[in-house]
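Atom set for the values below is all heavy atoms of this structure, side chains included, hydrogens, waters and symmetry mates excluded.
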Amino acid sequence: MAASGISATEAFFPVADYDLAATLDGGQAFRWTRRAGGWEGVVASRWLRLEERPGGLRAETASPTPDWSWLRDYLRLDDDLPAILATFPDDPPLRAAVAACRGLRLLRQEPWEGLASFMLSATKQIVQIRQCVALLCERFGELVAVPPGRPPAHAFPAPARLAAATEAELRACKLGFRAPRLLAAAQAVAAGRLDLDALRGRPCAEARAELMRLAGVGRKIADCVLLFAYGFQAAFPVDVWVLKALRELYFPKRRPKPARLRRFSETHFGPHAGYAQQYLFHYIRQRAGRGPERERNRR
DNA sequence: GTCCAGGCAGACG
DNA sequence: CGTCTGCATGGA
């Protein structure tokens, strides 16, 4: 299904129920900025602007783009959202979460960007993760073409570039104790000791085990990469927010531990558990006044 | 000032 | 096994 392009730098993608704010600014990606009613970011080393339009999404690039498949892939436009939602268990918490987050989608990010970004996420707030990622991109990422009059934009830095940096330079991006871990990961990928592309075809559990061999990558960060980059929809990252959501919404009396809740999630939420996870994550943060809606309204 | 953030790894029992 | 703690940094 080809997008109907107005010109080579614009395209329109027909799609129902695609909430850009919830999807781009909801804690699965860290490079999107709201600007003039749309969202601007960098995907696959291309500057990109996205806008919600009636019946779909409008996309704009800085350079002529003959093939938009990379963007369809990133936005997961081929996911049949109603069919996915129909596989969810019909329980009150999930019904409420789906109702409150209509149009929330998963993205398919590049593995290295996803891995590096989530390695920075340990005990950091989402706004701080964005700051760190922005600093890394400004200081180490290649410049990408932008339309006239726009501020400069950078690609996410390649593993080899970060591998050549010093720990001090990374710490200067406010990474703190995460700096040596990211440096080691970049060196492992750059040297070919960890082949991120090869993980695409592996079973989920094997890919997870490979990622977790990295210092600084435990179960939660590995699951984020599996879900948000590799597209393993059974991956179910349990962070402090999902922990809170599962406890409050499903086990209000008891206080199950993370491992117990992970086992619950493996059987309860079905084949698209990762989608359910993102709805619960977004829903509980929204209820706590921490969602992207509030951050936007506070300006 | 205190608590905590899309955790992880090592120490200790 | 399980629980506790340090780790950098800065929002809330």
Side-chain angles (χ1 to χ4, degrees), chain A residues 21-32 97 101 104-107 109 113-136 166-185 188 208-230 232 235-249 255-263 265 273-299:
Chain A
T23 302
L24 302 178
D25 200 27
Q28 55 174 320
F30 304 99
R31 297 213 58 196
W32 290 96
C101 310
L104 173 60
R105 303 277 184 148
L106 287 178
L107 299 169
Q109 302 176 64
E113 179 171 344
L115 173 61
S117 298
F118 279 99
M119 285 188 75
L120 309 184
S121 71
T123 47
K124 268 193 179 298
Q125 299 184 158
I126 290 175
V127 288
Q128 294 177 293
I129 302 169
R130 274 203 291 267
Q131 279 178 18
C132 292
V133 170
L135 285 170
L136 283 175
T166 65
E167 183 182 320
E169 287 176 313
L170 297 186
R171 282 185 183 269
C173 297
K174 305 183 179 180
L175 302 198
F177 60 86
R178 306 157 195 84
R181 299 168 173 182
L182 178 65
L183 182 57
R208 177 186 293 122
E210 277 299 306
L211 293 171
M212 288 179 66
R213 290 175 59 192
L214 293 168
V217 179
R219 174 65 186 243
K220 187 268 170 183
I221 289 175
D223 280 347
C224 284
V225 181
L226 293 173
L227 179 62
F228 301 135
Y230 288 102
F232 287 105
F236 193 95
V238 177
D239 73 319
V240 289
W241 288 102
V242 173
L243 185 65
K244 175 180 166 69
L246 292 177
R247 281 175 172 166
E248 288 184 8
L249 302 175
R255 195 177 165 76
K257 289 164 190 170
R260 170 75 188 89
L261 290 171
R262 244 189 356 250
R263 274 186 287 123
S265 74
Y275 260 98
Q277 183 272 356
Q278 196 59 13
Y279 275 85
L280 291 171
F281 175 78
H282 200 274
Y283 176 56
I284 200 74
R285 279 175 54 83
Q286 197 170 288
R287 287 207 330 182
R290 292 293 197 84
E293 302 295 333
R294 180 161 180 271
E295 288 180 20
R296 192 185 323 154
N297 294 337
R298 282 190 312 134
R299 309 210 169 176

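Taking atom CG of residue A:Leu170 and atom C1' of nucleotide C:dT9, one finds them 15 Å apart after rounding to whole Å. Between the CZ atom of A:Arg285 and the P atom of C:dG11 there is a distance of 15 Å, given to the nearest Å. Going from atom NZ of A:Lys124 over to atom P of C:dA8 covers 11 Å, rounded to whole Å. Spacing between atom CZ of A:Arg260 and atom P of C:dC1 amounts to 16 Å, rounded to whole angstrom units.
Here A:Gln131 reaches the OP1 or OP2 of C:dG11: one of its side-chain N or O atoms lies under 4.0 Å away.
Taking the side chain to side chain donor-acceptor pair (under 3.5 Å) definition, one finds that A:Arg213 meets it with A:Glu210, sequence neighbours left out. In terms of the side chain to side chain donor-acceptor pair (under 3.5 Å) criterion, A:Lys257 has no residue partners (sequence neighbours excluded). By the side chain to side chain donor-acceptor pair (under 3.5 Å) test, A:Arg260 pairs with no residue at all, sequence neighbours left out.
No side-chain heavy atom of A:Gln277 sits less than 4.5 Å from a side-chain heavy atom of A:Asp223. With a 4.5 Å cut-off on side-chain heavy atoms, A:Leu214 and A:Ile221 do not count as touching. Taking the side chain as every heavy atom from C-beta outward, A:Lys220 and A:Val240 never approach each other to under 4.5 Å. Counting heavy atoms from C-beta outward, A:Arg178 and A:Ser121 have side chains that stay 4.5 Å or more apart. Side-chain contact between A:Pro237 and A:Val242: absent, with no pair of heavy atoms (C-beta onward) separated by less than 4.5 Å.
If you check every strand for non-hydrogen atoms under 4.0 Å, A:Lys174 touches sugar and phosphate atoms only. Across all strands shown, A:Gly216 has heavy atoms under 4.0 Å from sugar-phosphate atoms exclusively, and none from any base. Using a 4.0 Å heavy-atom criterion, one finds that A:Ala179 contacts no nucleic acid atom at all. Counting non-hydrogen atoms under 4.0 angstrom, A:Ser121 reaches the backbone sugars and phosphates but no base. Backbone-only engagement by A:Arg171 is indicated by non-hydrogen atom pairs under 4.0 Å involving sugar-phosphate atoms exclusively. A:Val217 comes within 4.0 angstrom of the backbone, heavy atoms only, and of no base. Note on A:Ile284: nothing from the nucleic acid sits closer than 4.0 angstrom, heavy atoms only.
At distances below 3.5 Å, not a single donor-acceptor pair connects side-chain atoms of A:Gln109 with backbone N or O atoms of A:Gly114. When atom types are taken as modelled, the side chain of A:Gln278 and the backbone of A:Thr23 share no donor-acceptor pair closer than 3.5 angstrom.
Of all heavy-atom pairs between A:Leu120 and A:Ile129, the closest is O-CG1, 4.3 Å.
For the P atoms, the distance linking C:dG10 with B:dA9 amounts to 24 Å, nearest Å. Rounded to a whole angstrom, the distance from the C1' atom of B:dG6 to that of C:dG2 is 24 Å. A gap of 16 Å separates the P atoms of B:dA11 and C:dA8, to the nearest Å.
Bracketed by its first and final contacts, the part of DNA chain B lying under 4.0 Å from non-hydrogen atoms of chain A reaches from B:dA5 to B:dA9 in 5' to 3' order.
The aromatic rings of A:Phe118 and A:Phe228 sit parallel, their planes meeting at an angle under 30°, below the 60° perpendicular limit.
Each of A:Leu214 and A:Gln278 has a nearest nucleotide on DNA chain B; the 5'-most of these lies closest to A:Gln278. Comparing A:Ile129 and A:Ala215 by the nucleotide of DNA chain B whose heavy atom lies nearest to each, the residue mapping closer to the 5' end is A:Ile129.
Within residues 221-229 of chain A, the residues having any heavy atom under 4.0 Å from DNA chain B are, by residue number, A:Ile221, A:Phe228.
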Can you name the atoms? Protein N/O to nucleotides 2-5 of chain C N/O, anything below 3.5 Å, with the distance.
residue	atom	partner	partner atom	Å
C:dT3	OP1	A:Lys257	NZ	2.8
C:dT3	OP2	A:Lys257	NZ	3.4

